Protein chains: 2
Amino acid sequence: MAKARPVKLGLSHLRITLSENFYIGPGRADLMELIAETGSISEAAKRMGMSYKRAWVLVQALNEGFGAPLVEASRGGTAQGASLTSAGREVLERYRGMQEATRRAIGRDVEALSALHADMSTRK
Amino acid sequence: MAKARPVKLGLSHLRITLSENFYIGPGRADLMELIAETGSISEAAKRMGMSYKRAWVLVQALNEGFGAPLVEASRGGTAQGASLTSAGREVLERYRGMQEATRRAIGRDVEALSALHADMSTRK
DNA sequence: CATCGATATTCCCATTCGGACATATCGAGG
DNA sequence: CCTCGATATGTCCGAATGGGAATATCGATG
């Protein structure tokens, strides 16, 4: 049985593709944000309800896809853990900004579609 | 070997989720548009480079997910083929409008990210 | 130098996804 | 009533996805 993720209504996916090898979307952004917050890939993965492996693969994709690493990780010792590089912080910030701008820009249309949808659903 | 689809840069995926059972994204929108243009599910599928079955599954999802059918299809005779219902046309139009509004809203950020990306890629 | 916590990496396996293919169905028209 | 073109569906199979577990690695610290 699949995990029952809560459904995010309205603007649910905004993906920006910068090249053949790199894009940033909601999942990657959330992961980056959680890494920044927790300072750990494994903890971020846990909070997102995904396996460490999956999170690690995503981090790889982020780092290798972009020209420079967005997430920096070090193992061993006191400094172990992960954090965002300055490029990573900028990418994340820009993405959040785009999400907000998009929400503002399409709010009315979403409302209209929602209304149409509700309308159609009620009348059997 | 997987099909080499051309990569769409910039805003590549905009998905609007209206309920647990329905969302509209770029693939579905393109399919609807091609159905409207060609008057045929199979022809639309061919142009999108996907199997008829996949297109049919998508049409099912569209029709069952939304309260009312968005795509109408009839088989046999002269009138055979498929077309959009008025609800389908409205959904498609709204979606295209949202795409445009989004592009306008995030253009600058995309540029900035693109520049950052290019910058990072060049310096080895 | 043993421990600890977190990253890094590789196998193995179940599930899902999707394509190819095969039919079945339908309805106008010859 | 047979053909034609397009929709409607099911089956089979290989590819891709993703999880879980098992290891390996690293470095500060006691």
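Not measured: the values here are computed from a predicted model. Order of the sequence lines sets the chain letters (A, B, ...), proteins ahead of strands, with each chain counted from 1.
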A:Val59 or A:Gly77, whichever maps to the more 5' nucleotide of DNA chain C: A:Gly77
5′-ward residue of the pair A:Trp56/A:Gly81 relative to DNA chain C: A:Gly81
Find the distance [X]:[atom1] to [N]:[atom2] and express it as a whole number of Å.
{"X": "A:Asn63", "N": "C:dT9", "atom1": "CG", "atom2": "P", "result": "12 Å"}
{"X": "A:Tyr52", "N": "D:dA22", "atom1": "OH", "atom2": "P", "result": "17 Å"}
{"X": "B:Met48", "N": "C:dG19", "atom1": "CE", "atom2": "C1'", "result": "16 Å"}
{"X": "B:Leu31", "N": "D:dT7", "atom1": "CG", "atom2": "C1'", "result": "14 Å"}
{"X": "A:Gln60", "N": "D:dG18", "atom1": "CD", "atom2": "C1'", "result": "15 Å"}
{"X": "A:Leu58", "N": "D:dT17", "atom1": "CG", "atom2": "P", "result": "12 Å"}

Report the nucleotide, chosen from [options], that has the shortest atom-to-atom distance to any side-chain atom of [X].
{"X": "B:Arg75", "options": "D:dG19, C:dG29, D:dT7", "answer": "D:dT7"}
{"X": "B:Ser51", "options": "C:dC26, C:dA8, C:dG19", "answer": "C:dG19"}
{"X": "B:Arg54", "options": "D:dG19, C:dG19, C:dA28", "answer": "C:dG19"}
{"X": "A:Ile41", "options": "D:dA8, C:dT7, D:dA28", "answer": "C:dT7"}
{"X": "A:Ala73", "options": "C:dT7, D:dA8, D:dA28", "answer": "C:dT7"}

So that I can tick it off, tell me whether B:Asp109 and A:Arg96 are bridged by a salt bridge, with the cut-off set at under 4.0 angstrom between side-chain N and carboxylate O. no
Salt bridge or not between B:Arg89 and B:Glu93? Use side-chain N to carboxylate O under 4.0 Å.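 Salt bridge absent between B:Arg89 and B:Glu93.
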Determine whether a donor-acceptor pair (one donor, one acceptor, N or O, separation below 3.5 Å) exists between the side chain of B:Lys53 and the base of D:dT11. yes
Quick check: any donor-acceptor pair below 3.5 Å linking the side-chain of A:Gln80 to the base of D:dG27?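 Checked by distance alone, the answer is no.
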Can you tell me if [X] touches the phosphate of [N], counting only side-chain N or O atoms and a distance under 4.0 Å to OP1 or OP2?
{"X": "A:Ser74", "N": "C:dT7", "result": "no"}
{"X": "B:Thr78", "N": "C:dG27", "result": "no"}
{"X": "A:Ser42", "N": "C:dG5", "result": "no"}

Establish, from distance only, whether the side-chain atoms of A:Ser40 and A:Ser42 form a donor-acceptor pair under 3.5 Å.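 Note: A:Ser40 and A:Ser42 side chains meet the donor-acceptor criterion.
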Mind telling me whether B:Phe66 and A:His117 have parallel, tilted or perpendicular rings, with 30° and 60° as the class edges? tilted
For B:Arg108, look at atom CZ and say whether over 12 heavy atoms of other residues, nucleotides or ligands are found less than 6.0 Å away. no
